[in-house]
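Working notes, beginning with the structure itself.
Chain letters run A, B, ... following the sequence lines, proteins first and then strands; every chain starts at 1. Keep in mind it's a predicted model, so treat the numbers as computed, not measured. For the numbers below, each heavy atom of this structure counts, side chains included, while hydrogens, waters and symmetry mates do not.
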There are 2 protein chains.
Amino acid sequence: MKIATWNVNSIRTRQQIVVDWLSQNSVDVLCLQETKVIDQDFPRLAFEQLGYHLYISGQKAYNGVAIFSRTPLTEVSSGFSPILGDIVAEFDLQKRVITGVIADIRVVNLYVPNGSAVGSEKYQYKLAWLKLLGEYLATLQDKETREICICGDFNIALEDRDIYNPKGKENHIMSSPTEREALREVLAIGFQDVFRKFNSETGHYSWWDYRAAGFVRNRGWRIDHHYLTQKLYKQAINCKIDLEPRKLDKPSDHAPVILEF
Amino acid sequence: MKIATWNVNSIRTRQQIVVDWLSQNSVDVLCLQETKVIDQDFPRLAFEQLGYHLYISGQKAYNGVAIFSRTPLTEVSSGFSPILGDIVAEFDLQKRVITGVIADIRVVNLYVPNGSAVGSEKYQYKLAWLKLLGEYLATLQDKETREICICGDFNIALEDRDIYNPKGKENHIMSSPTEREALREVLAIGFQDVFRKFNSETGHYSWWDYRAAGFVRNRGWRIDHHYLTQKLYKQAINCKIDLEPRKLDKPSDHAPVILEF
DNA sequence: GCTCGAGGCG
DNA sequence: CGCCTCGAGC
């Protein structure tokens, strides 16, 4: 089974690139972030014709997540409130969470807030959102005994080896100590970074800024992850970043990451 | 000799379409309208590599005219004021006129104001502009004895046979009596519509609205013209509208019109 | 419908 | 640098 995650930075703009990629990469599940489209305008047809079932949660202009699956998912929900209750409904105005069950594995697809700049209001929102994510995952673990795969764009590089040039990035968004610690706390309830099961080197990234020729100079960040519960982590046989679609004309700024188990 | 006119609705967006068309249609002169780009950003290289000399007069976002010529032009100028003097400089803020001489023929490339709606302020501007055009051409005829080819997007269908469904269009922009009369007055000083030398039928158009599937239903307007002085008119051997580029993906809303003499 | 800014976002 | 929205222009 292959589960991929890919921030596509607009599914309408990237439709052909994603169709072509799916045609050549037979993943069972594809988790998308930054679809940037309301549900009624999502370009479903091309993906359904490839044999995928689509589960989408979008909004206008920003954010938006989707799961494509070769077999139907069960127990699909989007946002925090189906799990945590209506008290957190405010956090669901931004479409950043969608989940479903396949082969008795719960897949949680996330688009973590970027946070803009350390100390900003958006940064505070990111930290609050991560705290809620922790409660969301803990609640899921209480409710269900299934293995869980959380994946998506975390907008956090947990370790210095996940950044092209970590020196002086202590106060940089996506690598500041406070947000790293906030994510570590989430993961501490039982999730492991499966990419690092197979690869401990630096120089492997999943996002490169469009500006300043980030990609050709490999000035990237590894911010797109799969975190797995213990049994699933043990079953994993591969996790790799596919650089090819990032080389195309008009690419997303992110590359897809593929987990295999 | 072939002289073509084409409103491209952004030369940057249409660059490849125009390059491909020029590669397959060996015109000597191509007059472009609505280039929509300042001179320093005009994509010169691709056209120069095809062997053309470029003469351009553009502005940001709107209007803009250009002449491409296989042999260098002489006596090139843009706007009304080089001919009519600085009193009319205000009318040259919009880049709608460029002219040059090839083979002892003066080619005048025009982008006549659209006029928006009959009676509007923009309609008054269109009428004032046409009056000035008449003075401009009369002055040219006084100064020079050359034959003249004026061509471009006139934003006027002079006769009912130039419109797909003329009934009820008496108060429509591009076919109202007042603007038609204004253009007739300009032409009365000695210009003839060369397309009508070869074709007197209706159903031949050069512009179709992007909306409401105008092209596939052939709901068009013939608003792109070549008007010639007498000797040149007699020498003309063909004038035709090339529908092919309008059929392509992401086309201009106008088709090119090719005069041969 | 399809262009072009301008301004927000990252 | 490349998304998005929005309004204007045609």
Any A/Lys60 side-chain N or O less than 4.0 Å from OP1/OP2 of D/dC6: yes

A/Asp209 bridged to A/Arg217 by N-O distance under 4.0 Å: no

Starting at NZ of A/Lys122 and ending at P of C/dC9, how long is that distance when rounded to a whole Å? 4 Å

Considering only heavy side-chain atoms of A/Ser116, the closest of D/dC4, C/dG10, D/dC10 is C/dG10

Run the salt-bridge test on A/Arg96 and A/Asp153 with the 4.0 Å N-O cut-off and return the result as yes or no. no

Whole Å only: how far is the OH atom of B/Tyr123 from the C1' atom of D/dC10? 16 Å

Are OP1 or OP2 of D/dC3 and a side-chain N or O of A/Arg14 less than 4.0 angstrom apart? yes

Please give, in whole Å, the distance from D/dG2 C1' to A/Glu34 CD? 11 Å

Once you round it to whole Å, what is the distance between C1' of C/dT3 and CG of B/Asn114? 14 Å

So that I can tick it off, tell me whether B/Asp39 and B/Arg44 are bridged by a salt bridge, with the cut-off set at under 4.0 angstrom between side-chain N and carboxylate O. no

Which word best sums up how the rings of A/Tyr227 and A/Phe154 line up, parallel for under 30°, tilted for 30 to 60°, or perpendicular for over 60°? perpendicular

Considering only side-chain heavy atoms of A/Ser10, which listed nucleotide, D/dC4, D/dC10, C/dG5, is closest? D/dC4

B/Tyr210, nearest nucleotide to its side chain (from C/dG5, C/dC2, D/dC1): C/dC2

Does A/Ala212 or A/Thr35 map to a spot on DNA chain D nearer the 5' end, using the closest nucleotide for each? A/Ala212

Rounded to the nearest angstrom, tell me the gap between atom CG in B/Asn9 and atom P in D/dA8. 19 Å

For this output row, return yes or no: ring centroids of A/Phe80 and A/Tyr136 closer than 6.0 angstrom. yes

Tell me: CD of B/Glu121 to P of D/dC10, nearest whole Å? 13 Å

The side chain of B/Arg211 is closest to which nucleotide in this list: D/dC4, C/dC4, C/dG1? C/dG1

If you compare every side-chain N and O of A/Thr13 against the phosphate oxygens of D/dC4 (OP1, OP2), does one of them come in below 4.0 Å? yes

OP1, OP2 of C/dG5 versus side-chain N and O of B/Arg12: anything below 4.0 Å? yes

How long is the line joining CE of A/Met174 and P of C/dG10, in whole Å? 11 Å

Atom OH of B/Tyr111 and atom P of C/dC4: how far apart are they, to the nearest Å? 13 Å

OP1 or OP2 of D/dG2 less than 4.0 angstrom from a side-chain nitrogen or oxygen of A/Lys250, does that happen here? no

